[in-house]
Amino acid sequence: MFRILLEIKEENIMTDVRVRIAPSPSGNLHIGTARTALFNYLFAKKNNGKFILRIEDTDAERTSQEYIDNIFDSLKALGLNWDEGPDVGGEYGPYTQSERFDIYPVYAQKLVDAGFAYECFCTPEELEAEKEIATANKKPYVYSKKCEHLTDNEKAKLRAEGRKPAIRFNISKAQHAFHPTSELMFDDMVKGELKVNTDLIGDFVIMKSNGTPTYNFAVVIDDMLMKISHIIRGEDHISNTFKQILIYEALGAEVPRFGHLGMILAPDRSKLSKRHGATAVSEFVESGYLTEALINFVALLGWSPSDGVEIKPVDEIAADFRINEISSSNSIFEYDKLRWMNSHYIKMLPMDELKKRLLPYLKKYDLSQLSEAQFNRMIEITREPLILLSDITDAVSYFFGEDVVIEPEVQTEVLDTETAQEVLSEFLKQAKNWSFDEETLHEKLEGFRGEFKEKGVKPKQTMWAIRAAVTGRTKGADMTAILSILGKDKVFKRVSKVIKSKV
RNA sequence: GCCCCCAUCGUCUAGAGGCCUAGGACAACACCCUUUCACGGUGUAGACAGCGAUUCGAAUUCGCUUGGGGGUACCA
């Protein structure tokens, strides 16, 4: 009953849904950002809303075009297409913060005029001193509001000294204007009611002394102007949310709904970083992960399908998606399950598509050595154990070149044995007259194994000897197919080479 | 230090007071299939962090403790 009421309530709010992903281009698109983007995308799809991309490049020092391109490409590769953004435009552009720098001071001034913000001339040293006192007294650091009531004369004097003011938001002013007590609360879509005592939030800077906006101010202005209705982001933003709500209110704007996702952690419960492996979407792709697998896997971090079927495409996930059912705790990024999922997606790829995607990992080989039929067959018999697309490189190495690299253990444990030597000599003798098509080979080898079995050699060992001589390994794809693809010449050459002449 | 969030097998999760002897997936292990590896199939093992409270009844509600994460910037 309660549940039904909740859903109805939710439906009502779902008019004109506009969500956004706002990455800052200080690195390649992180897998965590990709997940946040996905959840926004799913929410938009589920509610017939718009998904917007905004680039937050306020910090010019850390921004680069390369990263911007990477973000675009990664998002596209994942299929997270945006309805409005820097490249496609839209009604509420521009969608790059650095192109919006003239907007922010206007709103900052509005806040100053309304008494919700004030100029602050404090130097970094003064601020630092305040902080030290606070920590020494084990008190939370809250800005002293020293500059709140500066007179025009005092300000003029400070300006004359060459000081440039920052603009601070007046927390208590806003709090008291819109709320009865200093407790500020909002209803988070994934975590429920979240609250804070605003007395503990200092008056924070909204415009830096160099005239650029701080993050907390720029997001609010942009989200407000872009009519963002729901903000879904990582829980590292929870404390920002309170500040942002107050800005919305001071501006007389409608406060959007917020939803905060748990973070993605590395297996050691620390932040996921390069030392744990790939972290950027593009890195995963380069190392052989399929974007379909990546997106599916990441969807399962915090969300679970109602029918229990974990592997499904994004549009099906979108249809089943409910933001209030997302887990509110952090989740650990377990590469094992991603790998399993990736192998599953590789298995599901149609042959043509698979060949296309495998090509980049076959560059080191001279593919002209093989006919198209041989190439297809090679892929067919080697695709099964692939976990990453890149695994193909090693999986097919013995199909190329005259000789083959024999692993040391294979040499000593298999090829050097008397049995193997016998098998191989006999193989050369008999196979001389065989036709090397798969059907014949299959039949002949069966008989061949049979003969040795009578002599007490297990079929396994018989095949091992041949496999070791031809591929240099003890494991691998179907032997008849391998022999057939390589052809009699190469096979004989390789086998002869490992037979120890016992003249 | 202070503030906030979180807590079910190793991991991702199902679980909305009796449907729970806690279900599924990955990983692990065993067996089957098999010319190897793998795939596939069948099984096994494995969790409600602890303590109190509420209740006839708690994984589920409340409190404390512990553990983990986040925030505490003129970074985003």
Side-chain angles (χ1 to χ4, degrees), chain A residues 2-3 6 22-26 56-59 61-63 97 120 122-124 127-128 131 134-142 164-168 188 191-192 194-197 200-202 204-216 218-219 234-242 260 262-263 265 267 269-271 297 300-306 308-311 327-341 343 347 382-387 395 414 442 445-446 448-449 458-464 466-468 471 473-480:
Chain A
F2 183 52
R3 197 173 188 169
L6 259 182
S24 84
S26 54
E56 306 212 326
D57 57 348
T58 310
D59 189 354
E61 300 240 326
R62 298 197 294 162
T63 295
Q97 271 184 345
C120 170
C122 292
T123 61
L127 263 14
E128 197 50 48
K131 273 179 218 171
T135 38
N137 294 331
K138 298 189 175 182
K139 288 271 167 44
Y141 168 65
V142 177
K164 292 244 191 314
I167 298 178
R168 283 182 188 272
D188 190 273
K191 289 185 185 276
L194 261 26
K195 49 185 171 232
V196 78
N197 178 354
L200 267 20
I201 307 175
F204 59 99
V205 171
I206 56 174
M207 292 295 287
K208 304 179 202 172
S209 52
N210 66 8
T212 62
T214 59
Y215 164 77
N216 271 314
V219 249
E235 69 174 28
D236 49 336
H237 284 289
I238 290 179
S239 58
N240 289 328
T241 306
F242 300 102
H260 290 93
M263 319 248 42
L265 268 27
R269 293 185 183 278
S270 67
K271 244 184 192 167
F297 173 72
L300 260 23
L301 259 29
W303 174 85
S304 67
S306 54
V309 179
E310 294 190 323
I311 296 202
S327 156
S328 54
S329 49
N330 295 341
S331 41
I332 290 174
F333 194 96
E334 194 61 69
Y335 289 85
D336 272 344
K337 188 155 184 178
L338 208 212
R339 287 166 60 79
W340 163 77
M341 193 165 272
S343 74
K347 286 182 183 57
T382 51
R383 67 179 293 177
E384 195 61 45
L386 298 181
I387 290 175
V414 180
H442 186 79
L445 279 171
E446 205 164 357
F448 189 74
R449 264 177 305 207
K458 286 185 195 152
K460 196 196 267 197
Q461 288 178 292
T462 311
M463 296 306 281
W464 250 338
I466 300 173
R467 181 183 295 279
T471 71
R473 311 174 182 191
T474 53
K475 45 188 182 177
D478 179 68
M479 263 325 285
T480 47

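Note on naming: letters A, B, ... go to the chains in the order of the sequence lines (proteins, then strands), and numbering restarts at 1 for each one. Just so we're clear, the structure is a prediction, and the values are computed from it rather than from any experiment.
The backbone N or O of A:S328 lies less than 3.5 Å from a partner atom in the side chain of A:K191, making a donor-acceptor pair.
Contact check for A:F333 versus A:L301: side-chain heavy atoms found under the 4.5 Å cut-off. Annotation: side chain of A:R269 is in contact with side chain of A:I332 (closest heavy-atom distance under 4.5 Å).
Legend: residues meeting side chain to side chain donor-acceptor pair (under 3.5 Å) with A:N197, ordered by chain and number and at least two apart, are A:S182. Every residue meeting the side chain to side chain donor-acceptor pair (under 3.5 Å) condition with A:S306, not counting sequence neighbours, appears here in chain and number order: A:D320. Every residue two or more places apart in sequence or in another chain that forms a side chain to side chain donor-acceptor pair (under 3.5 Å) with A:S329 is listed here: A:S327. By the ring-ring contact (aromatic ring centres under 6.0 Å, His included) test, A:Y141 pairs with no residue at all, sequence neighbours left out.
With B:rG1, B:rC5, B:rC3 as the candidates, the nucleotide lying closest to the side chain of A:K138 is B:rG1.
Here B:rG24 presents its P atom at 13 Å from NZ of A:K337, a figure rounded to the nearest Å. Look at CG on A:L200: it is 8 Å from P on B:rC4, rounded to the nearest Å. Separating the OH atom of A:Y335 from the C1' atom of B:rU11 is a distance of 14 Å, rounded to the nearest angstrom. Atoms CD1 (A:I387) and C1' (B:rC26) sit 12 Å apart, rounded to a whole Å. The CG atom of A:D336 sits 13 Å away from the P atom of B:rU11 (whole-angstrom rounding).
Shown here is A:K458, whose NZ atom has no more than 12 heavy atoms of other residues, nucleotides or ligands within 6.0 Å.
Under the 3.5 Å distance criterion, with hydrogens and angles disregarded, no donor-acceptor pair is assigned to the side chains of A:T214 and A:N216.
Between A:S331 and B:rU13 there is a side-chain polar atom (N or O) within less than 4.0 angstrom of OP1 or OP2. An OP1 or OP2 oxygen of B:rG1 is reached within less than 4.0 angstrom by no side-chain nitrogen or oxygen of A:T135.
Nucleotides B:rG50 and B:rG70 are separated by 25 Å at their P atoms, to the nearest Å. Nucleotides B:rA28 and B:rA47 are separated by 16 Å at their C1' atoms, to the nearest Å. Comparing B:rA73 with B:rU66, their C1' atoms sit 31 Å apart, to the nearest whole Å.
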* Structure fact -> Reading nucleotides 35-49 of chain B from 5' to 3' and marking B where a protein heavy atom lies under 4.0 Å of the base, S where only the sugar-phosphate is that close, and - otherwise, the string is BBBBS----------
* Structure fact -> Heavy-atom contacts, protein to nucleotides 65-76 of chain B, under 4.0 Å, summarised as B (base), S (sugar-phosphate only) or - (none) per nt, yield ----SSS-SBBB
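For the pair A:F242 and A:F297, nearest-nucleotide mapping onto RNA chain B gives the more 5' position to A:F242.
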